[in-house]
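Side-chain atoms are counted along with the backbone in the values below, which use heavy atoms only and exclude waters and symmetry mates.
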Amino acid sequence: MRTSLPTLPVLGGCLAQQELEEHLLGALECAEDDGTMDPGPVGVRLGRACLHLDLRPDPALFSFLLSMMVPYLEVLPNGAPQLSGAAGLRLACADEDRFVLRRWDGHGCLVLHTDEYGAEMWGQWTVSKPWEVWEGSDVGHGFEPLWDREDLCDQETDTLLHPTDSETARCSRSLRQHLTETLPEDLRLTHQPRSGGIQPGTRPRVLIPSPRSSGAAELSPAELVPLDGPVNPSSLGDALAWQLIELLKAGRIRAGDVLIDHVALVTKIGGRAAAARWAQLVIEHVAKRYGLLRYRRRRPTDPAGRRPQDHVWAVSEAAVIMAGIASAEVGLHERRNA
């Protein structure tokens with residue numbers, strides 16, 4: 001007796017999945033109009049609650065689709081933020097071989113499979129796009145990524161509360177029909193094999209310059225990453241110095257920015273216990289050994305924090321010059337201790 005093969009789902013199983021596929025269909029149509037699809041996707045796997053697309057042979061298309069779909073704000077010269085991309089869409093996972101897109105509430109699943117070239121092209125876009133937007137703009141205008149944000153911004157909320165006429169189900173059905181007619185089903189396109197599920201959300205690994213206004217800003221613990229290794233005043237100081245250097249290079253901090261809560265900064269790098277014992281030593285280590293920080297009188301334009309102090313730790317005026325020397329010294333120190 002001849003058994004028939006199971007048919008692929010012709011429609012996403014929930015509204016969230018259908019919305020993701022509607023956005024993907026629109027991005028694919030734009031790519032085709034722009035001549036970006038060469039050679040295009042080579043495999044697909046469809047489920048009721050997910051859609052996998054193999055884009056490994058076409059890193060340019062992978063980066064293009066992400067840039068068309070992920071949401072971000074462009075702050076225009078007139079001061080009105082303009083939303084681009086799909087409101088509420090989030091990059092839930094950004095690995096070297098697959099990027100997972102979901103709605104902000106966790107529903108729906110679109111997996112774009114790529115390789116190191118696709119991930120590299122996406123990283124290049126995240127760096128070049130802000131400066132493209134900033135070109136010709138005044139200070140304080142620029143670019144704000146939303147694809148790793150936990151909540152919705154005002155512009156996304158307004159868009160989702162006042163949707164335009166949409167044929168979501170038709171778009172989902174049309175996309176799936178087109179993919180099944182033109183691409184082979186590839187059962188190797190799966191979620192992470194160890195757990196069988198989607199990894200929790202991770203931030204993109206590329207530093208993205210944030211819009212800056214004139215005057216000093218606060219160095220936030222959110223800019224720092226924890227130290228992976230032994231924790232002591234010297235290692236914490238070196239880790240903080242290295243991260244300050246990278247932030248200076250990326251344009252995320254600049255001379256004059258203040259450390260309102262240096263204990264919170266050291267806590268982010270080494271944990272609460274280390275910060276309670278060595279926070280002041282760590283800051284002095286960075287200031288005295290590398291010249292990246294200095295203790296100065298607080299200025300009227302400085303961010304005040306909850307308890308304004310007469311003096312603050314700040315990124316030194318010589319930090320840009322000292323960064324090259326400090327970078328070499330931190331690297332040499334790490335090699336000696338390896």
Side-chain angles (χ1 to χ4, degrees), residues 8-9 12-14 16-32 34 36-72 84-104 106-126 129 145-148 171-172 174-176 178-180 182-193 195-206 208:
L8 296 175
C14 67
Q17 184 64 33
Q18 295 171 21
E19 289 178 348
L20 281 181
E21 294 171 12
E22 181 182 16
H23 296 315
L24 176 59
L25 177 62
L28 285 170
E29 290 175 345
C30 288
E32 189 171 1
D34 291 349
T36 309
M37 295 183 65
D38 183 18
V42 295
V44 65
R45 185 171 185 183
L46 302 176
R48 285 290 182 188
C50 64
L51 188 154
H52 294 254
L53 202 59
D54 188 355
L55 298 167
R56 285 172 290 187
D58 199 340
L61 176 60
F62 168 79
S63 178
F64 179 85
L65 292 179
L66 278 177
S67 68
M68 290 293 295
M69 295 179 66
V70 295
Y72 56 88
S84 297
L89 191 62
R90 296 296 181 260
L91 186 56
C93 179
D95 288 337
E96 292 182 354
D97 62 341
R98 74 192 70 203
F99 281 38
V100 179
L101 295 166
R102 288 186 180 275
R103 288 204 327 177
W104 88 100
H107 295 292
C109 180
L110 173 61
V111 186
L112 303 181
H113 295 256
T114 186
D115 56 17
E116 64 271 19
Y117 300 108
E120 182 180 355
M121 291 192 70
W122 162 248
Q124 292 173 354
W125 182 86
T126 63
K129 182 61 179 177
L146 302 174
W147 56 79
D148 61 335
C171 291
S172 174
S174 176
L175 173 67
R176 288 178 173 239
H178 173 72
L179 293 177
T180 53
T182 58
L183 298 175
E185 183 186 16
D186 190 345
L187 298 180
R188 295 171 298 176
L189 302 177
T190 61
H191 300 316
Q192 294 294 340
S195 62
I198 299 299
Q199 292 183 349
T202 56
R203 298 180 65 86
R205 300 173 183 174
V206 180
I208 303 170

To the closest 0.5 Å, what do you measure between [atom1] ([X]) and [atom2] ([Y])?
| X | Y | atom1 | atom2 | answer |
| --- | --- | --- | --- | --- |
| E21 | S172 | CD | OG | 3.5 Å |
| F99 | F62 | CZ | CZ | 4.0 Å |
| T114 | L53 | OG1 | CG | 11.0 Å |
| H23 | C171 | NE2 | SG | 10.0 Å |
| L179 | E185 | CG | CD | 11.5 Å |

Report yes if the side chains of [X] and [Y] come closer than 4.5 Å at any heavy-atom pair, otherwise no.
| X | Y | answer |
| --- | --- | --- |
| L55 | P41 | yes |
| T126 | W147 | yes |
| D95 | V100 | no |
| E22 | Q18 | no |
| L91 | D148 | no |

Under 3.5 Å: donor-acceptor pair, side chain of R90, backbone of L146
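Checked: pair present.
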Going by the rule side chain to side chain contact (heavy atoms under 4.5 Å, CB included), which residues pair with [X] if we only count those two or more places apart in sequence or in a different chain?
| X | answer |
| --- | --- |
| L20 | Q17, L89, L110 |
| D58 | P39, A60, L61 |
| A27 | L65, M68, M69 |

So, applying side chain to side chain contact (heavy atoms under 4.5 Å, CB included) with L175, which one of L51, T180, V44 is it?
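The option that passes is L51.
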H113 and side chain to side chain donor-acceptor pair (under 3.5 Å): which single residue from R98, R56, H52 fits?
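Of all the options given, the one that passes is H52.
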